[in-house]
Peer 1: 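I'd like to ask you about the structure that follows.
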Amino acid sequence: MTIISWIVLGLLAGVIAKVLLPGRDPGGLIGTTVIGIAGALLGGWISARFLDRPISNEIFDGATWLAAIGGSLVLLIGYRILFGHSRSR
């Protein structure tokens with residue numbers, strides 16, 4: 001995958017993760033993209049390391065999307081556990 005595909009995958013995975021887990025999180029477009037890209041890397045690592053399912057480098061692979069969304073959800077949950085609702089309303 002190219003850098004552009006990683007950014008697109010990260011943005012969409014981050015948006016899907018935020019839709020599945022609504023709440024007040026840091027973000028905007030850049031924050032969502034960073035969470036999604038980091039989630040894609042984390043999900044790919046978890047999938048390859050613990051599930052013995054290496055992720056392919058194709059953007060249209062379903063396992064890649066599931067790993068990216070799952071990793072993004074893990075990051076969002078981790079953020080909420082560590083920082084809670086510390087943002088001002």
Side-chain angles (χ1 to χ4, degrees):
M1 286 195 310
T2 64
I3 284 291
I4 301 298
S5 348
W6 276 104
I7 292 171
V8 169
L9 173 68
L11 175 62
L12 293 175
V15 167
I16 292 170
K18 282 191 172 188
V19 167
L20 292 174
L21 194 66
R24 295 181 57 86
D25 296 311
L29 184 63
I30 294 173
T32 301
T33 304
V34 169
I35 287 172
I37 292 171
L41 294 172
L42 177 65
W45 179 77
I46 289 172
S47 177
R49 177 81 176 174
F50 298 110
L51 302 177
D52 198 28
R53 169 82 165 92
I55 299 298
S56 70
N57 280 336
E58 296 188 26
I59 195 165
F60 297 111
D61 183 33
T64 301
W65 282 94
L66 288 176
I69 294 167
S72 298
L73 286 170
V74 167
L75 289 179
L76 282 176
I77 291 169
Y79 175 83
R80 289 184 184 173
I81 288 172
L82 290 175
F83 299 108
H85 297 288
S86 63
R87 292 185 57 188
S88 61
R89 295 177 188 242

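What you are looking at is a predicted structure, and each value in this text was computed from that prediction instead of being measured. Side chains are part of it too, since the values below use all heavy atoms of this structure and drop only hydrogens, waters and symmetry mates.
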Peer 1: From Leu41 CG over to Leu75 CG, what is the distance, rounded to the nearest 0.5 angstrom?
Peer 2: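 It is 9.5 Å, given to the nearest 0.5 Å.
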Peer 1: Can you tell me how far the CG atom of Leu42 sits from the CG atom of Leu73, to the nearest 0.5 Å?
Peer 2: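 Leu42 atom CG to Leu73 atom CG measures 11.0 Å (nearest 0.5 Å).
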Peer 1: Check for me, please, whether Leu66 and Ile46 land in the same ILVMFWY cluster - side-chain distances under 4.5 Å, paths through other members count.
Peer 2: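 Different clusters: Leu66 never reaches Ile46 through Ile, Leu, Val, Met, Phe, Trp or Tyr contacts under 4.5 Å.
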Peer 1: First locate atom CD1 of Ile16, then atom CG of Leu11, and finally report the distance between them rounded to the nearest 0.5 Å.
Peer 2: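 Going from the CD1 atom of Ile16 to the CG atom of Leu11 covers 9.5 Å.
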Peer 1: Which heavy atom of Ala13 sits nearest to which heavy atom of Ala68, and what is that distance?
Peer 2: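 Of all heavy-atom pairs spanning Ala13 and Ala68, the closest is CB-CB, 3.8 Å.
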Peer 1: At their closest point, which heavy atom of Ser72 faces which heavy atom of Gly36, and how far apart are they?
Peer 2: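 In this case the closest contact between Ser72 and Gly36 is OG-CA, 3.4 Å.
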Peer 1: With a 4.5 Å limit on heavy-atom distance, are the side chains of Ile69 and Leu20 in contact?
Peer 2: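 SC-SC contact between Ile69 and Leu20 confirmed.
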